Number of protein chains: 2
Amino acid sequence: MRYYPESLLKLLTELQKLPGIGPKTAQRLAFHLLREPAEDVRRLGDAIARIHDTITHCEICGAITDVAQNPCYICVSPQRDRTQLCLVQRPDDIAIFEKTGAFNGVYHVLGGLLSALNNVRPEDLRVIELHERLEAGGIEEIIFALNPSVEGSATVTFVTRELRPYSLKLTQVAYGIPLGSDLDYVDEMTLSRALEGRNVLA
Amino acid sequence: MRYYPESLLKLLTELQKLPGIGPKTAQRLAFHLLREPAEDVRRLGDAIARIHDTITHCEICGAITDVAQNPCYICVSPQRDRTQLCLVQRPDDIAIFEKTGAFNGVYHVLGGLLSALNNVRPEDLRVIELHERLEAGGIEEIIFALNPSVEGSATVTFVTRELRPYSLKLTQVAYGIPLGSDLDYVDEMTLSRALEGRNVLA
């Protein structure tokens with residue numbers, strides 16, 4: 001491609017490495033940036049360039065947190081219930097649960113799901129860190145909140161076995177029909193899980 | 001939102017200012033960046049932050065070009081036909097025509113289309129620059145390649161009147177049925193234009 005100046009080509013190449021951004025979107029974004037005030041564009045560029053310097057992982061739970069705030073605000077908050085620990089796959093999942101406001105315990109980021117395909121082995125998960133937290137005591141319940149996939153199930157099985165030495169209550173978030181959906185559009189696997197996990201009404 | 005560290009919030013805010021990027025996509029992009037190697041992310045950030053320092057507009061045609069290459073490579077190329085000038089709205093449009101390889105003349109970026117709604121007036125267009133180029137001589141044909149909209153038509157009318165003093169051939173790209181499309185899906189306006197602009201076969 002000789003249609004673009006050198007530095008624009010470089011920007012297009014970098015933008016296209018982002019997930020869901022192809023050549024057309026990259027071009028649209030790049031030309032948008034060229035039309036925006038230089039100062040605004042610099043602010044975006046700096047926010048991106050500096051993100052790895054300012055963000056780190058919480059030394060306790062593995063959530064993302066400011067470098068200046070480690071352990072993260074959830075791990076140090078006196079308002080959180082330290083007897084309940086919610087096990088999630090990725091740091092992003094914490095924000096999803098926090099937005100619901102329905103959970104007041106603490107979290108632990110596993111950092112992945114066991115997968116032969118993606119070459120994720122037990123030692124790639126933050127299991128040692130989990131053992132350390134359990135040995136420190138205080139935790140009574142572990143809530144599994146992993147993705148409902150083959151890898152998710154395998155990981156639940158593996159972690160459950162790891163946790164056998166401790167006397168803990170192990171629970172899992174409910175999988176079933178999402179609220180606001182129409183039964184017509186719910187897939188069979190979900191319906192099966194919804195039936196299996198049915199609750200007694202009366 | 002207290003779910004995110006300060007610097008991540010700042011990044012999310014900046015990302016959401018981009019066209020077509022809402023809160024969900026911004027979050028997906030930000031967490032993607034956090035998972036990528038710091039060096040790669042810094043390269044993207046720098047490419048964005050520096051784009052306004054390295055890219056400028058060609059002093060002749062208004063296309064985007066490297067600061068070090070001004071006038072742009074098209075305007076200085078000895079291979080281009082300087083008798084044909086293609087009039088486009090935005091710098092991005094040049095790349096679109098260049099990719100076809102079907103045009104070997106030079107370009108002129110108008111910088112907008114007349115629009116009462118968006119408050120674009122004649123003095124906002126790069127018309128003085130166009131006059132200067134025409135007065136310098138050599139140009140024989142102006143090819144209008146503006147968007148087929150009300151604003152596009154108004155701009156064609158206005159520029160045509162401006163160009164009356166010069167004896168030029170004025171042409172417009174053909175509007176009609178796009179190749180590979182099905183007549184069923186072509187709107188009536190396009191069909192009318194295709195009829196109006198019909199060509200003699202035999």
Side-chain angles (χ1 to χ4, degrees), chain A residues 1-8 10-15 17-21 25 27-57 63-69 72-74 90-92 94-99, chain B residues 1-8 10-15 17-21 25 27-57 63-69 72-74 90-92 94-99:
Chain A
M1 295 208 295
R2 186 59 187 86
Y3 327 118
Y4 299 118
E6 200 56 49
S7 48
L8 184 61
K10 215 164 79 185
L11 175 58
L12 289 172
T13 312
E14 294 300 328
L15 286 173
K17 290 179 187 164
L18 294 173
I21 295 192
T25 312
Q27 191 179 321
R28 195 161 50 87
L29 288 176
F31 277 101
H32 169 85
L33 293 175
L34 283 172
R35 281 190 293 268
E36 289 293 291
E39 200 196 322
D40 293 1
V41 175
R42 181 169 295 283
R43 210 179 308 123
L44 168 66
D46 285 346
I48 292 174
R50 274 197 249 120
I51 196 71
H52 274 275
D53 303 335
T54 51
I55 294 274
T56 186
H57 290 276
I64 50 155
T65 186
D66 280 314
V67 169
Q69 162 110 65
C72 74
Y73 78 99
I74 294 177
R90 302 184 307 177
D92 340 5
I94 294 180
I96 297 171
F97 279 99
E98 284 298 287
K99 282 179 187 170
Chain B
M1 296 210 295
R2 184 62 187 86
Y3 326 119
Y4 299 119
E6 201 56 48
S7 47
L8 184 61
K10 217 164 76 185
L11 175 59
L12 288 173
T13 313
E14 295 299 330
L15 285 174
K17 290 179 188 166
L18 294 172
I21 295 193
T25 312
Q27 191 180 321
R28 195 160 50 87
L29 288 177
F31 278 101
H32 170 84
L33 293 175
L34 284 172
R35 280 191 292 269
E36 289 292 291
E39 200 196 322
D40 293 1
V41 176
R42 180 169 296 282
R43 209 180 307 124
L44 168 66
D46 286 346
I48 292 174
R50 275 198 246 119
I51 196 71
H52 274 276
D53 303 337
T54 52
I55 293 275
T56 186
H57 290 277
I64 50 156
T65 186
D66 279 314
V67 170
Q69 162 110 65
C72 75
Y73 79 99
I74 294 177
R90 302 184 307 176
D92 337 8
I94 294 180
I96 297 170
F97 279 100
E98 283 298 288
K99 281 178 189 170

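Model, not experiment: these values are computed from the prediction. Per chain, numbering begins at 1; letters A, B, ... match sequence-line order.
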Heavy-atom pairs under 4.5 Å with chain B - which of [options] has more of them than the others?
options: A/Thr54, A/Thr65, A/Ile64; answer: A/Ile64
options: A/Ile21, A/Leu18, A/Ile94, A/Val67; answer: A/Leu18
options: A/Ala38, A/Ala95, A/Ala47, A/Pro91; answer: A/Ala38

Worksheet item: Got a salt bridge between A/Arg42 and A/Glu39, using NZ or NE/NH1/NH2 to carboxylate O under 4.0 Å?
Response: no
Discussion item. To the closest 0.5 Å, what do you measure between CD1 (B/Ile51) and CD (A/Glu14)?
Written reply: 11.0 Å
Worksheet entry | Pairwise distance NZ(A/Lys17) to CG(B/Leu44) - rounded to 0.5 angstrom | 8.5 Å
Worksheet entry | Residue part contacting chain A, namely of B/Leu15, when any heavy atom lies under 4.5 Å | both
Worksheet item: Is it the backbone or the side chain of B/Asp53 that comes under 4.5 Å from a heavy atom of chain A, or both, or neither?
Response: side chain
Worksheet item: Looking at residues at least two apart in the chain, or sitting in another chain, which of them share a side-chain contact (heavy atoms from CB on, under 4.5 Å) with A/Pro19?
Response: B/Arg28, B/Leu29, B/His32
Practice prompt. Please name all residues satisfying side-chain contact (heavy atoms from CB on, under 4.5 Å) with A/Asp66, sequence neighbours left out, ordered by chain then number.
Written response: A/Ile55, A/Gln69, B/Pro5, B/Glu6, B/Ser7
Response to the item:
Max heavy-atom pairs within cutoff under 4.5 Å with chain A, candidates B/Arg43, B/Glu36, B/Lys10, B/Arg90, goes to B/Arg43
